[in-house]
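Working notes, beginning with the structure itself.
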Amino acid sequence: MTDKKKKLLLIDGNSVAFRAFFAMYQQLDKFKNPEGLHTNAIFAFKNMLDVVLKQEEPSHILVAFDAGKVTFRTKMYGEYKGGRDKTPAELSEQLPYIKEMLQDMGIATYELPDYEADDIIGTMAKRGADDGFDVAVVTGDRDLTQLASEHVTVYVTKSGVTKLEAYTPEHMQEVNGVTPTEFIDMKALMGDASDNYPGVTKVGPKTASRLIQKYHTVENLYEHVDEMKKSKLKENLLNDKDKALLGKKLAAIKCDSPVSLTMEQVAYQGASVADLRRFYEKMNFRRFLSDMAENGDFAGKEAEGKQLDFVKLEKAAVASLPEAKEIGFYLEIFGENYHLAPFAGFALKIGQQIWVSRDVDLLKEKRLRGFLENKTIVKNVFDLKRTTYGLHRLGIEAQGIGYDMLLASYLVDNENNSNDLGEVVHQYGDYDVKSDLDVYGKGKAAAIPDDDAVFFNHLAGKVAAIDQLKASLLKQLKDHEQDDLFDAIEIPTARVLAKMELNGIKVEAKTLQALQKEYGDRLKELESKIYQEAGEEFNLNSPKQLGVILFEKLGLPVIKKTKTGYSTSVEVLNQLKDKSPVVSDILAYRQIAKIQSTYVNGLLDVIDPADGKIHTRYLQTLTATGRLSSVDPNLQNIPTRTEEGKQIRKAFVPSTPDGYIFSCDYSQVELRVLAHVSGDANMQEAFKTGYDIHAHTAMKIFHLSKIDEVTPLERRRAKAVNFGIVYGISDYGLSKNLGISRKQAKSFIESYFDQYPGIQAYMDQAVKEAREKGYAETIMHRRRYLPDIHAKNFNVRSFAERTAINSPIQGSAADIMKIAMINMQKKLDELGLKTKMVVQVHDELIFDVPKEELETIKQIVPEVMQKAVSLDVPLLADSGWGHNWYDAK
DNA sequence: AGGGTCACG
DNA sequence: ACGTACGTGACCCTA
């Protein structure tokens with residue numbers, strides 16, 4: 001405090017709360033905590049505090065409140081503040097909580113019987129200024145501006161609560177033409193309607209200001225009133241002299257009230273992180289909680305995690321574990337890839353008791369296995385699929401996992417989602433569990449701690465957190481109408497996916513090895529040819545070196561640049577093809593090299609030697625739209641567009657002799673979803689009639705009378721428009737895609753909206769709704785939050801708008817596929833079939849079918865997929881089969 | 001670790 | 001006028 005200026009911040013609690021309440025009045029119904037308490041004013045109050053704390057960096061703070069209705073002013077003048085509307089109950093219920101929050105934030109509050117908050121502030125401001133403080137006053141009420149001085153700045157909230165107008169003596173002069181002290185006299189003359197005292201008849205701000213500029217005080221004015229020439233004003237002044245003098249007493253803030261506070265008592269303590277966290281939890285203020293986490297407010301003591309009570313489970317004690325209907329269970333597998341990563345331990349919670357162990361073999365003991373395999377004992381976990389797969393590796397077939405915290409948190413907010421339990425928990429304001437990163441470390445150095453106390457406490461914290469957050473996550477799901485999405489879609493999907501991952505798909509190494517040889521030879525040939533054409537050897541895989549060769553040595557025109565240099569993408573190279581023969585060879589090399597490294601070599605590396613199969617992992621909680629993704633390896637991007645690439649599919653084969661790979665994919669599912677959600681009659685009609693939708697679109701937008709008049713070019717263009725629509729079309733994007741002029745693209749789009757008017761309406765509605773609600777939603781109520789929809793930046797906002805259009809379409813299609821998968825697995829089980837569902841590629845399902853089941857599968861798969869949901873247009877699924885994935889088309 | 005490129009729906 | 005299609009993952013090179 002020696003060289004840093006002392007800064008005292010004084011806040012008028014009542015007036016700021018009042019402003020805060022009305023600033024967020026429209027949000028009144030949205031801001032309620034689980035107990036039904038309104039929280040809008042508390043929330044806005046906190047926002048204001050954040051802004052002011054950051055701006056002022058005070059060393060001392062006091063928030064003053066009015067003590068009650070009766071004050072020395074009401075005693076002086078019975079009508080003072082009379083006739084005011086009663087404070088709304090929705091606001092008064094919040095005041096005690098604002099005080100509680102302030103206490104948690106380490107900020108002093110004070111009220112004084114008989115005095116208003118203003119007088120407390122005036123008194124403290126004077127004391128502060130006398131003690132050498134810089135003083136900042138924050139209020140929602142202009143009365144306090146009379147305190148402005150060299151050392152006191154008064155901030156009045158403007159339009160909302162976080163914008164502040166700074167009243168210095170200079171600003172006061174600009175606004176009212178008087179000094180802050182003279183402002184009291186000015187008010188005395190003009191009165192105050194909201195405080196219900198009259199002032200002099202017919203004197204408003206203009207006249208009052210003029211008079212005070214001339215006479216400076218009310219008293220002086222009356223000493224010279226006789227000198228004024230006869231006028232209505234003079235008459236009024238004389239008649240209302242009592243009122244003016246009373247007004248001055250009422251308007252003047254008392255700077256010598258008996259405030260029993262020392263400066264030390266208002267020193268800013270800083271927040272009690274734990275208390276504040278509990279408060280935010282109670283208020284359901286998730287944003288502040290995550291802000292705290294991001295700011296590292298939990299660094300230090302809080303982040304150490306809580307010490308929990310737990311018991312190390314010994315083998316001998318397993319048999320006597322208590323009975324339970326519901327248990328919390330956490331299996332620690334050390335590493336992302338739970339197919340292969342080593343087990344590290346587990347934690348079990350029954351009632352309030354927690355057991356932990358490093359020895360996962362204990363799970364195979366009768367009692368524990370009984371818990372895990374009994375479907376009537378509900379298990380609460382974090383990551384159902386991971387847990388199920390891990391237990392399977394131990395020979396335990398999990399049943400009855402009914403709640404998955406990971407899936408729940410993904411549905412509630414798929415934006416800030418994490419697979420790390422600690423991270424998830426932090427987002428919900430609980431800091432009793434550390435993140436795995438904090439406990440295990442990262443990269444090569446990552447390890448399970450040897451120290452039992454550390455490791456077990458972490459495990460115990462995890463299993464405790466699953467229980468602790470369950471109610472609030474389920475409540476949020478319910479509030480979002482997502483209970484069905486959770487119980488009937490995501491949880492069962494996780495079970496199906498676990499099965500699919502376990503099934504795996506058989507991949508023949510010898511087929512890939514043959515390709516490896518073939519492509520290796522071709523790459524060698526291309527390589528030497530390119531070196532010859534370029535006149536030197538270089539690293540063909542380096543875009544940088546390639547750029548130098550093409551654009552500097554060979555002098556080809558630069559078509560596009562990247563951040564780091566010349567672009568050498570296909571798009572660019574295609575345009576340079578006829579300029580130099582080397583370009584085509586480079587394109588050919590690139591294509592083969594990609595297939596060779598990513599698919600031939602990549603897949604050979606991940607065939608499980610134990611069963612000759614590839615077991616991908618599906619990520620169920622990653623995408624923003626609700627789609628799955630596939631990793632280690634990605635089986636959702638196996639080549640299909642080029643013949644060379646497609647060869648890879650020949651290596652994917654059935655696991656039984658003479659069996660089949662059966663493939664079934666939805667036809668135009670996203671456009672069908674669009675037809676459904678938009679309600680566009682023309683598009684619905686097209687699907688109901690069973691037209692080729694792209695040809696139909698071509699007929700419509702090119703104004704042909706019959707669908708068979710459509711040329712292949714027209715169909716291709718119409719197809720691009722259809723895709724574009726789903727993505728939130730722009731003329732530029734379409735023109736680039738089709739290689740046509742922007743103008744032409746624009747006319748296609750206009751024609752499209754003309755022919756399918758419901759689509760245009762849908763797009764407008766989607767954007768409007770996203771703006772109002774802050775999120776876009778699928779047919780199954782999956783949400784995607786779009787905060788950028790309000791962005792000032794055009795690009796950022798436009799992106800959010802396209803997302804608002806696309807997400808419900810892509811996401812609903814994903815919902816439909818998940819339902820189909822659940823129904824499909826159920827059907828396979830019911831019929832006792834040996835056929836296995838092995839791969840999902842967004843709109844396509846792949847099955848490993850024994851020979852004798854092919855006929856059944858041909859019947860049931862398309863049917864189940866088509867009946868997954870009932871839309872206003874039919875769903876159509878096309879099947880194909882063969883002795884490998886290549887032939888299954 | 002991040003960018004460029006390219007594989008898929 | 002803005003600068004642009006939506007959603008992913010893996011490989012390679014270069015820092």
Return the value, rounded to whole Å, for the distance between atom CG of A:Leu635 and atom C1' of C:dG9.
11 Å

When all nucleic acid strands are considered with a 4.0 Å heavy-atom cut-off, which category describes A:Asn539: base, sugar-phosphate, or nothing?
sugar-phosphate

What integer distance in Å separates A:Asn541:CG from C:dC12:P?
7 Å

Presence of salt bridge, A:Asp887 and A:Lys650, under 4.0 angstrom:
no

Hunt down the Watson-Crick or G-U wobble partner of C:dC13, both distances under 3.5 Å, from any strand shown, or write none.
B:dG2

OP1 or OP2 of C:dC6 less than 4.0 angstrom from a side-chain nitrogen or oxygen of A:Arg802, does that happen here?
yes

Aromatic ring pairing A:Phe652/A:Trp885, orientation class (parallel under 30°, perpendicular over 60°, tilted between):
perpendicular

Donor-acceptor pair, distance only, cut-off 3.5 Å: does the side chain of A:Arg797 make one with the backbone of A:Lys792?
yes

Just the atom pairs and distances: protein N or O near nucleotides 3-6 of chain B's N or O, under 3.5 Å.
from: B:dG4; atom 1: OP1; to: A:Thr562; atom 2: OG1; distance (Å): 3.4
from: B:dG4; atom 1: OP1; to: A:Lys563; atom 2: N; distance (Å): 3.0
from: B:dT5; atom 1: OP1; to: A:Thr568; atom 2: N; distance (Å): 2.6
from: B:dT5; atom 1: OP1; to: A:Thr568; atom 2: OG1; distance (Å): 3.1
from: B:dT5; atom 1: O3'; to: A:Arg590; atom 2: NH1; distance (Å): 3.3
from: B:dC6; atom 1: OP1; to: A:Arg590; atom 2: NH1; distance (Å): 2.8
from: B:dC6; atom 1: OP2; to: A:Val570; atom 2: N; distance (Å): 2.9
from: B:dC6; atom 1: O2; to: A:Lys594; atom 2: NZ; distance (Å): 2.7

Here the distance between atom P of C:dG7 and atom CD1 of A:Ile809, to the nearest Å, is 12 Å

Taking only Lys NZ, Arg NE, NH1 and NH2, and the carboxylate oxygens of Asp or Glu, determine whether A:Asp764 and A:Lys768 approach each other closer than 4.0 Å.
no

Integer-rounded Å distance: C:dG9 P and A:Leu619 CG
6 Å

Within the 3.5 Å criterion, strictly below it, is a donor on A:Thr642 or A:Gln591 matched to an acceptor on the partner's side chain?
yes

With both distances kept under 3.5 Å, what pairs with B:dC8, Watson-Crick or G-U wobble?
C:dG7

Atom CG of A:Asp815 to atom C1' of C:dG7: distance rounded to whole Å?
14 Å

Among C:dA5, B:dG9, C:dA10, which nucleotide has an atom closest to any side-chain atom of A:Ala720?
C:dA5

Would you please classify the geometry between the A:Tyr566 ring and the A:Phe551 ring as parallel, tilted or perpendicular, with 30° and 60° separating the classes?
tilted

Check if the side chain of A:Ser629 and the base of C:dT8 share a donor-acceptor pair of N or O atoms closer than 3.5 Å.
no

Tell me what A:Ile595 touches on the nucleic acid: a base, only sugar-phosphate, or nothing, going by heavy atoms under 4.0 Å.
nothing

In whole Å, what separates the P atom of B:dG4 from that of C:dA5?
14 Å

Base, sugar-phosphate alone, or nothing: which one does A:Gly728 contact when heavy atoms must sit under 4.0 Å apart?
nothing

NA contact type, A:Ala624, heavy-atom cut-off 4.0 Å: base, sugar-phosphate, or nothing?
sugar-phosphate

Quick one: A:Tyr732 OH to C:dT4 P, roughly how many Å, whole number?
7 Å

What's the closest nucleotide to the side chain of A:Arg784 if the choices are C:dC13, C:dG7, C:dA15?
C:dG7

When we call it a touch if two heavy atoms are under 4.0 Å apart, what does A:Ser630 touch: a base, just sugar-phosphate, or nothing?
sugar-phosphate

Once you round it to whole Å, what is the distance between C1' of C:dT4 and CZ of A:Arg797?
14 Å

Under-4.0 Å side-chain N/O to phosphate OP1/OP2 contact, A:Gln545 with C:dT14
yes

Determine: side-chain N/O of A:Arg641 to OP1/OP2 of B:dC8, distance under 4.0 Å, yes or no.
yes

Return the nearest nucleotide to the side chain of A:Ser597; candidates are C:dT8, C:dT4, C:dC12.
C:dC12

Taking the same atom, P, in B:dG3 and in C:dT4, what whole-Å distance lies between them?
15 Å

Under 4.0 Å between any heavy atoms, over every strand shown, what does A:Phe799 touch: base, sugar-phosphate, or nothing? Just pick one.
sugar-phosphate

Got a sec, which residues hit side-chain hydrogen bond (donor to acceptor under 3.5 Å, both in side chains) with A:Tyr752, two or more places apart in sequence or on another chain?
A:Asn722

Rounded off to whole Å, could you give me the CD1-to-P distance for the A:Ile586 and C:dC12 pair?
19 Å

Are the aromatic rings of A:Phe748 and A:Phe702 close, with centres under 6.0 Å apart?
yes

Got A:Lys613 and A:His615 here, is their nearest side-chain heavy-atom distance under 4.5 Å?
yes

